[in-house]
There are 2 protein chains.
Amino acid sequence: MSTPYSIIIADDHSMFLDGLTSILANETSIKIILTAKTGTQVIKYLRINSEEKIDLVITDINMPEMDGVELNAAIKEEFPKVKTLVVSMLEDAKKIKVLTEANANGYISKNAEKTELLKAIKSILHGENYFSPRIKQVLMEAMFSDKLEPEISLSKRETEVLKLIALEFTTQEIADQLFLSKHTIESYRKNLISKLGVRNLAGLTRYAVEKGMLD
Amino acid sequence: MSTPYSIIIADDHSMFLDGLTSILANETSIKIILTAKTGTQVIKYLRINSEEKIDLVITDINMPEMDGVELNAAIKEEFPKVKTLVVSMLEDAKKIKVLTEANANGYISKNAEKTELLKAIKSILHGENYFSPRIKQVLMEAMFSDKLEPEISLSKRETEVLKLIALEFTTQEIADQLFLSKHTIESYRKNLISKLGVRNLAGLTRYAVEKGMLD
DNA sequence: CTGAATATCACGGTTTTCAGTGAAAACAAA
DNA sequence: TTTGTTTTCACTGAAAACCGTGATATTCAG
């Protein structure tokens, strides 16, 4: 038998970390080098032990400090030889899209079966990418719905103004805060209303809240 | 050694299920009888195999069909001898409160360490309850904040009107819809604004969205 | 370089919201 | 039965939002 593959696992839920470790313990062809709770820990390790070859990083999406999407991007940027497999409990079409564009090597859901997990890992270690059928489907749907809903994009200023509007500031107050004319803010208001297809302040606020602009 | 304890694990993420199974496989004193992906599966099993003694059910909170909170309630109702340990990735004070009131025997976070998990399981199997220090803290904080924030209660009509306001209807439209005078709706508007401590429509809308009134 | 998008500003008119004040009827609870 | 809450309605005046219809300057990608 050849030397085992070296992998790193990142997830902030240590119970999941322990679980994955247990599952992979039976696989003699795989050696877990590190388990980390944040993306930054992984990057630090890779930088320090750059001479050591790491074959694969398995990462969750939701993590504090540096999440899975950022971690994947950072790895592909600094250590392009290292493969990545993203494991997540959510099937967020947008994140998946970003990940595929950032050349992640695989994406599976946390409610995938053990066998699928192993299949994904092995595929990736053998040089192929692995996206589960379910994920492919979500991606396809996202493509379609994106074309039907041509994705409203707001400029920086628009975003800024919308945020303040949703935070209960009046037009005059926003104008003062941003050192702009009251008329300017009024224009933004109107544009936002027609752009977002809403009727009034309530619609603007709902949009802002739902897009997480106020966090 | 005496006969091992019989336990059931419920979680919709099979990866977590596999992980937990792996972790507990080393424990000779514990025997996993069933792993389920929904609460209903667990209840069905308990009903059918009622002669078989089950010592503990470990359950996630977020599950389709019947979630962890409901499952716990159902178990305590129908099979009071069966202990329950709730494992969740969120530390939602309200859910924890409900669970303690429904006599769950333990609650730990998914980012608890393996050792803590085992400690919790053993405590419960020995007849004690186990709530992790972190959880106790969250509970305490919830108690305090509940008393400091005296919980704004809205009447049926107020809720109804607030909902329509947040859905972008104007005062006149709401009045027509509910067969009330425009003045009446205006009154509600004002009361809601002062009651909820907000400044305008944006504040009302944020409140409605955040309380999930529009789902 | 050039057109498209963005950012900025302006005005008049209409509608809606907001603030203050008040009150009557229905209803439930103490 | 009295007290408190909820539901309902009314008026005024000021402030803000909304609508239409512009203009100019900058920036940025093709």
Side-chain angles (χ1 to χ4, degrees), chain A residues 94 97-98 101-102 146-211 213-214, chain B residues 146-147 149-211 213-214:
Chain A
K94 277 180 197 162
K97 209 176 161 190
V98 173
E101 282 160 7
D146 266 351
K147 268 162 196 164
L148 293 176
E149 256 183 63
E151 191 157 332
I152 308 144
S153 78
L154 299 181
S155 69
K156 267 187 194 173
R157 256 308 194 224
E158 283 175 327
T159 308
E160 194 178 15
V161 172
L162 176 53
K163 200 172 160 178
L164 293 171
I165 288 174
L167 287 174
E168 297 171 64
F169 292 104
T170 68
T171 296
Q172 187 60 63
E173 287 169 343
I174 296 170
D176 293 346
Q177 242 173 286
L178 302 180
F179 304 105
L180 295 173
S181 156
K182 168 186 159 185
H183 301 295
T184 305
I185 307 301
E186 269 178 17
S187 289
Y188 279 112
R189 249 195 143 88
K190 275 185 297 190
N191 284 333
L192 286 166
I193 286 177
S194 73
K195 221 175 190 179
L196 303 179
V198 298
R199 297 181 64 192
N200 58 24
L201 182 44
L204 293 179
T205 308
R206 280 225 317 281
Y207 184 90
V209 173
E210 276 154 20
K211 295 289 173 184
M213 288 181 170
L214 313 177
Chain B
D146 264 352
K147 268 161 197 164
E149 256 182 63
E151 194 157 332
I152 307 146
S153 79
L154 300 181
S155 71
K156 267 186 195 173
R157 253 314 191 219
E158 283 174 328
T159 308
E160 196 178 13
V161 172
L162 176 53
K163 201 171 159 179
L164 293 171
I165 288 174
L167 287 174
E168 298 171 64
F169 292 104
T170 68
T171 297
Q172 187 60 62
E173 287 168 344
I174 297 170
D176 294 346
Q177 243 173 286
L178 303 181
F179 304 104
L180 294 174
S181 158
K182 167 187 159 185
H183 301 295
T184 307
I185 307 302
E186 269 177 18
S187 290
Y188 279 113
R189 248 196 144 88
K190 275 183 301 188
N191 283 335
L192 285 166
I193 286 177
S194 74
K195 220 174 191 180
L196 303 179
V198 298
R199 296 181 65 192
N200 58 26
L201 183 44
L204 293 179
T205 307
R206 282 226 315 282
Y207 184 91
V209 173
E210 275 154 19
K211 294 289 173 183
M213 287 181 170
L214 314 178

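Sequence lines set the chain letters: A, B, ... in the order given, protein chains first and strands last, and positions in each chain run from 1. Atoms considered below: every heavy atom in the structure, side chains included; atoms not considered: hydrogens, waters and symmetry mates. Please read all numbers here as calculations on a predicted model, not as lab measurements.
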Quick one, give me the B/S/- string for nucleotides 18-30 of chain C, reading 5' to 3', where B means a protein heavy atom under 4.0 Å from the base and S means that only happens at the primed atoms, P, OP1 or OP2.
SBBB---------
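- Here B/Thr184 reaches the OP1 or OP2 of D/dC9: one of its side-chain N or O atoms lies under 4.0 Å away.
- Contacts between residues 163-178 of chain B and DNA chain C, defined by a heavy-atom separation under 4.0 Å, are made by B/Thr170, B/Thr171.
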When you look at B/Leu162 and B/Leu204, which way does the side chain to side chain contact (heavy atoms under 4.5 Å, CB included) test go after all the steps?
CA-CA 7 Å; B/Leu162 176 53; B/Leu204 293 179; 3.8 Å; yes
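- Atom CD1 of A/Ile185 and atom C1' of C/dC9 are 11 Å apart (whole Å).
- As rounded to whole Å, 13 Å separates atom C1' of D/dC9 from atom CG of B/Asn191.
- Partners of B/Thr159 by side chain to side chain contact (heavy atoms under 4.5 Å, CB included), not counting sequence neighbours, listed by chain and number: B/Leu154, B/Met213.
- Nearest heavy-atom pair, B/Ile193 versus B/Asn200, reported as atom, atom and distance to 0.1 Å: CD1-CA, 4.2 Å.
- One interatomic measurement links the two molecules: CZ of A/Arg157 to C1' of C/dC9, which rounds to 13 Å at whole-angstrom precision.
- The C1' atoms of five pairs define one axis at each end of the helix from C/dC1-D/dG30 to C/dA30-D/dT1, and these two axes lie 60° apart (to 10°).
- Within the nucleic acid shown, B/Ser181 comes within 4.0 Å of sugar-phosphate atoms alone, with no base atom in reach, counting heavy atoms only.
- We find that NZ of A/Lys156 is positioned 15 Å from C1' of C/dA5, with the value rounded to whole Å.
- For the pair B/His183 NE2 and D/dA10 P, the interatomic distance rounds to 5 Å; values are reported in whole Å.
- For the side chain to side chain donor-acceptor pair (under 3.5 Å) test, residues two or more places apart in sequence or in another chain that qualify with A/Glu158 are A/Ser155, A/Lys195.
- For the OP1/OP2 pair of D/dT8 and a distance below 4.0 Å, the side-chain nitrogens and oxygens of B/Tyr188 include at least one atom meeting the criterion.
- Taking atom NZ on B/Lys182 and atom P on D/dC9, their separation rounds to 14 Å, with Å as the unit.
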Donor-acceptor pairs under 3.5 angstrom involving side-chain atoms of residues 163-181 of chain A: please list them, not counting sequence neighbours.
from, atom 1, to, atom 2, distance (Å)
A/Glu168, OE1, B/Arg199, N, 2.7
A/Glu168, OE2, B/Arg206, NH1, 3.4
A/Glu168, OE2, B/Arg206, NH2, 3.4
A/Thr170, OG1, A/Glu173, N, 3.3
A/Thr171, OG1, A/Arg189, NH1, 3.0
A/Gln172, NE2, A/Asp176, OD1, 3.1
A/Glu173, OE1, A/Thr170, N, 2.9
A/Glu173, OE1, B/Arg199, NH1, 3.1
A/Glu173, OE1, B/Arg199, NH2, 3.3
A/Glu173, OE2, B/Arg199, NH1, 3.4
A/Glu173, OE2, B/Arg199, NH2, 2.7
A/Ser181, OG, A/His183, N, 2.9

Checking side chain to side chain contact (heavy atoms under 4.5 Å, CB included) for the pair B/Glu186/B/Lys182: CA distance, chi angles, key distance, verdict?
CA-CA 6 Å; B/Glu186 269 177 18; B/Lys182 167 187 159 185; 3.5 Å; yes
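- One interatomic measurement links the two molecules: CZ of A/Phe179 to P of C/dA7, which rounds to 18 Å at whole-angstrom precision.
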